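Keep in mind the model is a prediction, meaning the values are calculated, not measured.
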Amino acid sequence: MSSFRRAQQWATFARVWHLYDMRWQNPYESSHLIGKYLSGRAKPIYHPLNDCGDHVVVINSKEVALPGDDWYRRAYFHHRTYAGTKTWTLAYELHEANNTLIVKKAVYYALDKNLLRRPIMERLHIFPDANIPPAIAANITNQIRPLRPVPVKLEEIPQEVEKDCPQLFDLPKDFVLGGNVWGKPEPERKAQPIRTPYKPWGKEPR
Amino acid sequence: MFLSTLLSFKFNPNRLYNPGPTKFWRRRRVLKQSAHFFGRRRNCYRIAIRTLEKALQYAVKGRQAKCEDLMKLRTQRVASGAEELGMDLRVMRRGLDSARICLDYHSLADLSAWEPRTFKALGNFAWNNYASQGLGDIQSFGNPPEGVILRGLKKLN
């Protein structure tokens with residue numbers, strides 16, 4: 001190796017593949033973290049015109065957790081560019097139709113709004129569960145630490161641990177803690193886009 | 001060109017209003033600055049002076065924006081370099097400041113990209129120095145890396 005090439009480090013410009021587990025994560029907080037790796041802002045060689053971003057593989061996108069009552073309050077706008085075709089789809093309806101779209105849209109909005117946004121989105125690979133194609137799984141070399149710890153459900157606690165916990169209250173058998181606190185709409189409503197334009201342009205419904 | 005104009009100003013006896021050479025040179029200063037504009041904005045004084053004023057305003061804005069953009073970029077680079085070491089920008093900045101290591105973001109960003117080992121040594125020192133002061137929630141990053149000797153250099157009052 002000549003003395004002039006001694007400082008060349010081609011691996012600096014390699015694209016790293018990161019894994020992110022979306023189970024019980026807030027997509028709107030995680031999207032900024034994912035966008036940081038996608039656009040290359042996690043590297044000291046970053047420049048807005050320098051295409052140095054990495055790949056991010058998101059798994060378990062169907063187990064994403066929205067904050068508060070966002071499943072029933074957050075609306076996704078779409079217009080087919082024909083008259084009368086504007087739709088506002090609620091988050092839980094969108095999730096029933098396609099369980100990767102909420103994560104995809106969150107990351108798309110979190111990225112910088114420029115011409116590099118769509119090429120950057122090509123490097124985001126979202127999977128609804130932990131089944132990754134082996135061609136993609138072979139590339140992954142790093143895992144991004146999730147923002148929140150995954151909570152343990154009451155049903156998942158084993159019997160032995162549950163016995164040791166002290167029982168403070170005698171609750172009735174049919175009592176469901178936190179059953180309907182967020183005001184879920186009537187259950188017979190089907191997952192379909194809303195035709196009534198109740199949302200003004202560019203603002204969230206309250 | 002300007003010589004003949006000057007002569008006509010000076011020696012044309014038929015001219016009722018002779019503005020004299022001062023006005024000529026004043027305008028020539030403006031027209032020299034507008035020499036690269038397009039159309040009449042280049043040569044007609046009344047149009048050139050308007051365009052030139054606006055162009056100078058844009059230049060001032062551009063100078064400020066350039067500073068802000070570079071500051072943002074360098075801060076971003078130092079932050080990503082610090083996060084690669086396992087801490088964050090605030091620990092890096094406070095750790096260096098409290099030891100009176102006066103490196104600006106320009107130097108630190110250059111080090112993080114082109115001298116990663118120097119940056120790592122500085123970062124490990126900053127982390128240890130900040131952790132030794134017992135400020136903030138430094139424990140969330142874990143223990144600082146070993147091999148740094150502070151020799152009592154920690155507190156800045």
Side-chain angles (χ1 to χ4, degrees), chain A residues 1 3-20 25 29-56 107 110-117 120 123 140-150, chain B residues 61-93 95-96 101 103-127 137-145:
Chain A
M1 186 186 292
S3 58
F4 290 109
R5 293 196 174 180
R6 130 189 91 79
Q8 277 185 355
Q9 301 182 31
W10 294 116
T12 307
F13 302 100
R15 296 204 191 278
V16 186
W17 290 63
H18 304 275
L19 181 76
Y20 189 76
Q25 301 298 316
E29 287 176 359
S30 308
S31 62
H32 292 279
L33 182 66
I34 294 173
K36 192 174 83 173
Y37 286 90
L38 278 179
S39 62
R41 261 181 275 121
K43 298 180 179 181
I45 59 166
Y46 170 77
H47 189 270
L49 304 177
N50 180 9
D51 190 12
C52 62
D54 293 337
H55 290 261
V56 177
V107 175
L111 290 173
D112 288 343
K113 278 70 178 173
N114 53 30
L115 289 178
L116 277 177
R117 180 155 65 150
I120 283 174
R123 283 185 241 119
I140 296 171
T141 55
N142 183 31
Q143 183 175 7
I144 304 172
R145 186 182 292 275
L147 288 176
R148 294 160 183 263
V150 179
Chain B
K61 276 187 190 172
R63 259 179 269 134
Q64 293 165 353
K66 183 183 173 187
C67 290
E68 288 168 12
D69 288 354
L70 277 177
M71 190 64 194
K72 230 196 275 182
L73 179 67
R74 285 164 184 163
T75 312
Q76 181 71 57
R77 286 180 168 181
V78 175
S80 58
E83 278 164 24
E84 278 185 355
L85 298 181
M87 47 168 182
D88 68 354
L89 179 70
R90 186 176 53 90
V91 175
M92 180 90 191
R93 191 72 261 176
L96 291 180
I101 297 177
L103 289 172
D104 59 350
Y105 278 111
H106 192 174
S107 317
L108 286 174
D110 284 352
L111 289 178
S112 70
W114 287 286
E115 300 278 347
R117 293 192 179 184
T118 315
F119 186 80
K120 188 179 180 184
L122 277 171
N124 289 348
F125 168 77
W127 191 350
D137 51 349
I138 184 68
Q139 294 306 322
S140 62
F141 296 113
N143 288 324

key: Parallel, tilted or perpendicular: rings of A/Trp17 and A/His55 (30°, 60°)   = parallel
key: Pairing residues for B/Asp110 by the salt bridge (Lys or Arg N to Asp or Glu O under 4.0 Å) criterion, not counting sequence neighbours   = none
note = Scanning both residues in full, the closest heavy-atom pair of A/Tyr20 with A/Leu147 reads OH-N, 3.7 Å
Smallest separation among heavy atoms of B/Leu103 and B/Arg93, with atom names = O-NH2, 3.1 Å
inquiry  = Taking the six-membered ring of A/Tyr37 as reference, does the cationic atom of A/Arg123 (NZ for Lys, CZ for Arg) lie under 6.0 Å from its centre and within 45° of its axis?
reply    = no
inquiry  = When you compare the side chain of B/Leu70 with that of B/Tyr105, does any pair of heavy atoms fall below 4.5 Å?
reply    = no
Chain A contact residues among residues 73-86 of chain B, heavy-atom distance under 4.5 Å = B/Leu73, B/Gln76, B/Arg77, B/Ser80, B/Gly81, B/Glu83, B/Glu84
query = Hey, which residues of residues 112-124 of chain B are touching chain A, say heavy atoms under 4.5 Å apart?
reply = B/Ser112, B/Ala113
key: Closest non-hydrogen atom pair between B/Trp127 and B/Val91, with its separation   = CA-CG1, 4.0 Å
request  = List in chain and number order the residues that pass salt bridge (Lys or Arg N to Asp or Glu O under 4.0 Å) with A/Arg117, two or more places apart in sequence or in another chain; answer none if no residue qualifies.
outcome  = none
query = Testing A/Val107, A/Ile144, A/Val56 for side chain to side chain contact (heavy atoms under 4.5 Å, CB included) with A/Leu33, which one passes?
reply = A/Ile144
